[in-house]
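Order of the sequence lines sets the chain letters (A, B, ...), proteins ahead of strands, with each chain counted from 1.
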There are 2 protein chains.
Amino acid sequence: MLRLSKRVEYGLIALRHFAAINDSTVCTAKEISQKYNIPHELLAKVLQKLSQARIIQSYQGVRGGYVLAHAPSKIKISDVINAIEHEKPMLAECYADGPASCIIFDDCTIRRPLGKIQKNINDFFHTMTIAEIV
Amino acid sequence: MLRLSKRVEYGLIALRHFAAINDSTVCTAKEISQKYNIPHELLAKVLQKLSQARIIQSYQGVRGGYVLAHAPSKIKISDVINAIEHEKPMLAECYADGPASCIIFDDCTIRRPLGKIQKNINDFFHTMTIAEIV
DNA sequence: GGAAAATACGACCGATTTTATCCGATTTTA
DNA sequence: TAAAATCGGATAAAATCGGTCGTATTTTCC
Ligand code: FES
Ligand code: FES
C-alpha cells in the first residue's frame, strides 16, 4: 500500500547511475541490470519509456546504449514517474479516473481532505530532481 | 500506484461519519455501508480492526453498534492506517520488510533519497487528525 | 427462555494489477 | 556480413486486493 512500482524504482536507479558517471559515456541496459541486479528485460522496457519521453538519449546498434538527455538537476522525479507510468500517482482512484470510476463518488466525504496530502506529495515529486539522489 | 487501499478509505469515511454526528449515538456497520454505498461485509471487517485498536468502541447485540472512543482531534490518520493495515505505508519494500526482502538491497542507490519523501508523507499522516476531515 | 439483531473471526474465491519473460524486428558498428 | 544493441508487442507468472461466505458470540426485546 502506498508503494512505488518496481518500474519507477528501476528507472530512478538507472537515472541515478547515469548522473553519477561521466556525461558522455553511454551505458547499456545490460550493464545496469547486472550492476544493480535488476531483471534485464524489464529494465530495458523502462529505459525505452524514458527514451521516448526524451529524458535519456538512445543510441542503437553495437556500441550503443543510453545517455542522459539533460542535466540531472533538470530532471524532476515527477517527469520520471509520468514517463514510466501512464497514470499519475493518486491516493484515491477518483482523482485519477474521474467521477465515473468510483462507485461511491457522490457519497464520498474524504476526497477533498485527502487532496491536501495529495498536493503535498505532488509538490515533492515536482521539486525533487535526479541531482538530489546522486 | 501510490494508492491508499479501499480499506483505509472506508475506514476514514466511517470515522468521519462518527465525528460528524452526535458522540453518544451508536451507528451500525449496516447503516454506514448503506449511506455511503460501501460493501457491508468489508466495512464490518474494517470497523472490527478499528475497534481492536481502541479507536472506536463496539457494542454488541441488538441495538448495538460503534461509537468513537476518543475526540476526533485525538485520532491521527496514521493511527487509522496502522490499525487497518498491519504494515506501514512505505514507498519501497526495503523500508518495510528489511534487507532480506529486497533482492537489490545492497546494490540499491535510491533508498536513502527516497527516505526524504517517505518522512514527509509520514509527518503528514502523523499530524492530520479526523477532526480536519469532518 | 427463545428469537432476532448485531458484532467477531477466519477462510476463501475472483478480478485486477504488477512483475517478469519471451520472441521477433530493426538499427548500427566492427 | 555478423554481432550487439535498442525496439515493441505478446504473453506468462506472481502478487495483491476487493469482496464474499459461513459460523460463532453477545445482547436486547418479546
Ligand atoms: S473514494 Fe472514490 S470518491 Fe472518495
Ligand atoms: S528498492 Fe529495495 S533496497 Fe532499494
Side-chain angles (χ1 to χ4, degrees), chain A residues 1-11 13-14 25-34 36-53 55-67 69 81 84-87 89-90 92-93 96-97 101-104, chain B residues 1-11 13-14 25-34 37-67 69 83-87 89-90 92-93 96-97 101-104:
Chain A
M1 179 200 160
L2 211 69
R3 194 162 289 177
L4 248 37
S5 71
K6 287 289 183 193
R7 285 199 297 279
V8 170
E9 283 191 32
Y10 296 159
I13 289 175
T25 309
V26 300
C27 285
T28 71
K30 201 168 195 173
E31 277 175 35
I32 297 180
S33 70
Q34 287 174 347
Y36 298 101
N37 210 30
I38 296 173
H40 170 246
E41 306 282 351
L42 189 51
L43 176 64
K45 191 174 288 189
V46 170
L47 293 180
Q48 286 167 29
K49 290 271 189 183
L50 293 176
S51 171
Q52 288 166 7
I55 292 176
I56 57 179
Q57 169 82 41
S58 80
Y59 293 102
Q60 270 183 295
V62 61
R63 308 295 291 166
Y66 297 96
V67 187
I81 294 177
I84 296 175
E85 305 287 336
H86 61 292
E87 68 179 25
M90 293 288 176
E93 63 180 342
D97 307 334
S101 70
C102 189
I103 55 170
I104 63 169
Chain B
M1 178 200 162
L2 209 70
R3 194 161 289 179
L4 248 36
S5 70
K6 285 291 184 194
R7 285 198 297 279
V8 170
E9 283 191 31
Y10 295 160
I13 290 175
T25 308
V26 299
C27 285
T28 71
K30 202 168 196 175
E31 276 174 36
I32 296 179
S33 70
Q34 286 174 348
N37 212 29
I38 296 173
H40 170 246
E41 307 283 351
L42 189 52
L43 175 64
K45 194 178 289 185
V46 170
L47 293 181
Q48 286 166 28
K49 290 271 190 184
L50 293 176
S51 170
Q52 288 166 6
R54 310 287 182 190
I55 292 175
I56 58 179
Q57 169 82 42
S58 81
Y59 293 102
Q60 272 184 295
V62 61
R63 309 294 292 167
Y66 297 97
V67 187
I84 295 175
E85 304 287 335
H86 61 292
E87 69 179 24
M90 293 288 176
E93 63 180 341
D97 307 334
S101 70
C102 190
I103 55 170
I104 63 170

Nearest to the side chain of A/Leu42, which nucleotide is it out of D/dG19, C/dA20, D/dT6?
-> C/dA20
Base, sugar-phosphate, or nothing for B/Ala44, non-hydrogen atoms under 4.0 angstrom?
-> nothing
Between atom CZ in A/Arg3 and atom C1' in D/dA14, what is the gap in whole Å?
-> 15 Å
Distance below 4.0 Å between A/Arg63 side-chain N/O and D/dA4 OP1 or OP2 | no
Whole angstrom is fine here: how far is it from NZ in B/Lys49 over to P in D/dC17?
-> 13 Å
Please round to the nearest 0.5 Å and tell me the distance separating atom CG of A/Leu4 and atom CG of B/Leu2.
-> 6.0 Å
For C/dT28, the nucleotide meeting Watson-Crick or G-U wobble distances (both under 3.5 Å) is D/dA3
Hey, does A/Lys30 reach any base, or is it just sugar-phosphate, or nothing, if we go heavy atoms under 4.0 Å?
-> nothing
Minimum heavy-atom separation for B/Val8 to B/Ile84, with atom names?
-> CA-CD1, 4.0 Å
A/Met1: which of B/Arg7, B/Glu85, B/Met90, B/Glu87 passes side chain to side chain contact (heavy atoms under 4.5 Å, CB included) = B/Glu85
Atom OH of B/Tyr59 and atom C1' of D/dT26: how far apart are they, to the nearest Å?
-> 14 Å
Side-chain N or O of B/Ser51 less than 4.0 angstrom from OP1 or OP2 on C/dA8?
-> yes
Identify whether any heavy atom of A/Gln52 sits under 4.0 Å from a base atom; if not, whether one sits that close to sugar-phosphate; answer base, sugar-phosphate or nothing.
-> sugar-phosphate
Expressed in angstrom and rounded to an integer, what is the separation of B/Gln34 atom CD from C/dA6 atom P?
-> 10 Å
C/dA5 phosphate, OP1 or OP2: any side-chain N/O from B/Thr28 under 4.0 angstrom?
-> no
In whole angstrom, what separates A/Ile84's CD1 from C/dA20's P?
-> 14 Å
N/O (side chain, B/Tyr66) to phosphate O (OP1/OP2, C/dA8) under 4.0 Å = yes
Check: A/Lys45 and A/Glu41 side chains under 4.5 Å, non-hydrogen atoms | no
Find the distance B/Gln48:CD to C/dA6:P and express it as a whole number of Å.
-> 15 Å
Quick note, A/Gln60 side chain, CB onward, closest among C/dT27, C/dT18, D/dT25 is C/dT27
Assert: residue with more 5' nearest nucleotide on DNA chain D, out of A/Cys27 and B/Arg7, is A/Cys27
Looking only at heavy atoms, the pair that brings B/Ala14 and B/Leu43 closest together is CB-CD1, 4.2 Å
Selected nucleotide, minimal atom distance to A/Val62 side chain, candidates D/dT6, D/dG19, D/dA3 | D/dA3
Is any side-chain N or O of A/Ser58 closer than 4.0 Å to OP1 or OP2 of D/dC7?
-> yes
Interatomic distance, A/Lys45 NZ vs C/dT18 P [rounded to whole Å] = 14 Å
Would you kindly compare A/Glu41 and A/Leu2 by the position of their nearest DNA chain D nucleotide and give the one closer to the 5′ end?
-> A/Glu41
B/Gln57 atom CD is separated from C/dT7 atom P, nearest whole Å, by 13 Å
Run the numbers on B/Thr25 and B/Val67 for side chain to side chain contact (heavy atoms under 4.5 Å, CB included), then give the verdict.
-> CA-CA 7 Å; B/Thr25 308; B/Val67 187; over 6 Å; no
